[in-house]
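Beneath this line is the structure, given in C-alpha cells, with notes to follow.
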Amino acid sequence: MNVFSRFCKEEFCKGFFLFVLLHTFFKLQQHPYQSTNKMAKNFTTREENYSEWYNELVVRADLAETSAVRGCMVIKPYGYAIWENMQHVLDKMFKDTGHQNAYFPLFIPKSFFSKESDHVEGFAKECAVVTHYRLKANPDGNGVCVDPEAKLEEELIVRPTSETIIWNTYKNWIRSYRDLPILVNQWANVVRWEMRTRLFLRTTEFLWQEGHTAHATKEEAEIESRKMLDVYATFAQEYMAMPVIKGIKTPNERFAGAIETFCIEAMMQDGKALQAGTSHFLGQNFAKAFDVTFLNKENKLEYVWASSWGVSTRLMGALIMTHSDDHGLVLPPRLAPIQVAIVPIYKTEEQLAQISDKVQSIKQELEAQGVRVKYDDRDSQKPGWKFTEYEFKGVPIRIAIGPRDMEDGSAEICRRDTLEKKVYSQTEIGELIPKLLEDIQKNLFDRALQHRIDNTISVDNWEDFKIKIEEGKFILSHWDGTTETELKIKEETKATIRAIPLDVKEEAGKCIYTGKPSKYRVIFAKAY
RNA sequence: CGAGAUGUAGCGCAGUUGGUAGCGCGCAACGUUCGGGACGUUGAGGCCGCUGGUUCGAAUCCAGUCAUCUCGACCA
C-alpha cells in the first residue's frame, strides 16, 4: 500500500489527526460558493458568453421567460415585483414634478402616422398592423381563419409609441395659453416588430411609461425635457445604483421627429453601452403635424411646444447587467422585492417552533422600520437549497438561524453584494439591518461606477480606437461633428456615438477618423 | 430580412445502416437526513416542432413551414 496508509496503521493517532486535518482542508476546498453548489458551478459563463449567461440568469432568477408568442416575454411574478417597485418610485417622482397619469388608445389609425414624415420613417419598418376585426370557422371544419369580409377600411397600428394619437387628442384640449402646460404621463405597453429580440432589452411587446407634455414656449419645453432627464438620472443612480452619463444624442441617433434627444447611458459589465432612458425636445414638429395651435397672451395664434420622455422594462435588463455575478442576480436594496430573507435551520419540530418564535420578533422589529422581510419556513426545501435560491434571486441580505444560534443568541448574516458572512447577536439585528441595506446600496453604486471608470479611456489614435472598441470600452474621442464620419466609424468598428456628455469640456483636438478640427470629445462604444 | 446552428419528457441531452422511445437532472411516494442545492428505494411523465412526401414501416431520408439561438442589418 502507499506511504500514507502505512503511516496511518503505524501511528494511528497521528494518522487520525492528519485525517481530520485533511478532512477540514477538503471541506474548506469545498467552499460552498465553489464546488458543492452545483448550480453555481454551471453558472459561470459570464466571461465566455455574456448573452447566454444573461438569458440563463433571467430564467433562473425567476424574472421572466420567453413566450410562445414571437419575440414576446412572460414577466414572472418575481420579475414583475421589481418592475412594480420601479414604477412606484418613478410614478412618485413624476407626480412630485407636477405630472398626472392618463391613458390613450392602443390602436392608432394608419393615417396619423403619415402626418410627421421623420416619425413615420423611424417607425414604419417595425409596426404591427391590424387589418381585420373578425374570425370565422374554417370552411374545412378545422379551427378558425380570418374572415376576408371583415377587412378594416383603414388599418389600425398597434402603438409603437403614442406621440401621434396623443397629439391628435391634444388638438382638442388646447385653445389658449391658459390650457397650457399639459403635463401627462401614461403607463402602457407598446409593440415594435424588431428583427432580433432579447429578454427585457428588446422584446416585441414591452411595458413603459411615456410622458407627453405641451407648452406655450420653447424654453419651457426645453426645460421640461432636461428636467425629466434629471429625474431619470436620479432614479438610475439612487435607486438602481447604476451610474449613468447624461448626454445629447447626435442627429443620427436622435428620436424620429425630435429636435433634440437627451439620454442617460450606462455601461454594462461587458463594457457595452445601454441607453437606459430618453427625453426629447420635440419643438413644434408634432404641433405642426397635428395642427395644434393656441392663442398666446398677445392674442396671436402659435404652435404648441412639446417634449416626450420614456423609460421601459429595458431598465430591468440594465439592472441585471449592471450588478449580477456568477451566483445570480444582485438587486439594489431599494428596489428588491425581498430585502431580507430569513432561513431557519432545524431538525425537529420543537427547534423550528423555537426559532420561528424568535424570528417573528426580529421580523416585526425590521418591518416596523419599513424593511421588506421574508421568513422562509417552508419544510419542502432544505436550508442549503434556500441559500442558493435567494442568492440567485439577488436578495440583498440573508439571515440564517439554527440551534447553535439559539444557544448563543446569535444569527448568521450574509450580504449578497460581497457574499460575506458574519455572526451577530440577535439583539443588534434590528439596528444593523437598515444600515447594512444602505451600505449595500452604496457599495453597488460605487462598484459599478468604478467599473465604468476603469473601462473608460481617452483615445487619439485610430488604431488604438479600433483595438479598445473591441475590448469593450467607453472611448472619449474627438469627432468632426458630421453624420458621415459617425456612420463610417460605425461601419468599420460597430461603435456608435452614445452621447455628447452634458458636462463636456471644451478642448481643441482633431477628429479621430478624419483629422478635422473638433471642439470636444464624445463617447464612443458598442451598444445594445 | 441575409448567413449559420438547433428543435426528442419540465430542463440538459443521447438515439447506430429506417424496425416497439432512452440517459442525467428535476418531479411524486416512503425512509434516513437538514449549518451551502443530501442519499437510498420505488414510481409518474412523450402527437420525437408542425405539414406533406418516399417506404411494408420514419425521431431517423426528402420537401415545405414555424419557432429558438448566434452573427449581421434595425432598435428603447
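Scope of the values below: all heavy atoms of this structure, side chains included, with no hydrogens, waters or symmetry mates. A note on names: the letters A, B, ... follow the listed sequences, proteins ahead of strands, and every chain is numbered from 1.
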Can you tell me which nucleotide in G36(B), C75(B), G72(B) comes closest to the side chain of K494(A)? G72(B)
Proximity to the side chain of D405(A) - top-ranked nucleotide from G35(B), G36(B), C34(B): G35(B)
5'-most contact on RNA chain B (nearest-nucleotide basis), N55(A) vs Q381(A), goes to Q381(A)
Describe the nucleic acid contact of E194(A) in one word from base, sugar-phosphate, nothing, applying a heavy-atom distance below 4.0 Å. base
Counting only heavy atoms and a strict 4.0 angstrom limit, can you tell me which residues of residues 250-274 of chain A come near RNA chain B? none
Round to the nearest Å and state the distance from D379(A) atom CG to A29(B) atom P. 12 Å
Does the cation-pi check pass for R198(A) over Y54(A), that is, NZ or CZ under 6.0 Å from the six-membered ring centre and within 45° of its axis? yes
Give the rounded distance in Å between these two atoms: OH of Y54(A) and P of U68(B). 16 Å
Considering every strand and a 4.0 Å limit on heavy-atom distances, what is the contact class for K490(A): base, sugar-phosphate, or nothing? sugar-phosphate
Who pairs with E121(A) by salt bridge (Lys or Arg N to Asp or Glu O under 4.0 Å), at least two apart in sequence or on another chain? none
Nearest nucleotide by nearest heavy atom, which residue falls closer to the 5' end of RNA chain B, R198(A) or R404(A)? R404(A)
Please tell me which of the listed nucleotides, G36(B), C74(B), U33(B), lies nearest to the side chain of K382(A)? U33(B)
For E420(A) and G36(B), give me the distance from atom CD to atom C1', rounded to whole Å. 17 Å
Any ring pair (Phe, Tyr, Trp, His ring centres under 6.0 Å) pairs touching residues 483-502 of chain A, not counting sequence neighbours? none
Can you tell me how far C1' of C25(B) sits from CZ of R60(A), to the nearest Å? 11 Å
Candidate pair R404(A) and E407(A), rule salt bridge (Lys or Arg N to Asp or Glu O under 4.0 Å), full reasoning: CA-CA 5 Å; R404(A) 263 188 344 238; E407(A) 276 176 34; over 6 Å; no
Please list each protein N or O that sits under 3.5 Å from an N or O in nucleotides 30-32 of chain B, with the distance.
none

Say you pick atom C1' in A9(B) and the same atom in A59(B); how far apart are they, in whole Å? 14 Å
Whole Å only: how far is the NZ atom of K393(A) from the P atom of G36(B)? 21 Å
Side chain of I345(A) only, heavy atoms from C-beta on: which candidate in C74(B), G36(B), C34(B) is closest? C34(B)
Provide, to the nearest angstrom, the distance between the CD1 atom belonging to I399(A) and the C1' atom belonging to G35(B). 15 Å
Measuring from the side chain of P403(A) (C-beta onward, heavy atoms only), which nucleotide among G36(B), C74(B), G35(B) has the closest atom? G35(B)
For the residue pair H88(A) and W83(A), is the inter-centroid distance of their aromatic rings smaller than 6.0 Å? no
Looking across every strand, which nucleic acid part, if any, lies under 4.0 Å from S279(A) by heavy atom: base, sugar-phosphate, or nothing? nothing
Where are the stems of RNA chain B, defined as at least 3 consecutive Watson-Crick or wobble G-U pairs with both distances under 3.5 Å? B:1-7 with B:66-72, B:10-13 with B:22-25, B:27-32 with B:38-43, B:49-53 with B:61-65
In whole angstroms, the gap separating C1' of C74(B) from CZ of R192(A) amounts to 12 Å
Residue set satisfying side chain to side chain donor-acceptor pair (under 3.5 Å) with H212(A), at least two apart, ordered chain then number -> E210(A)
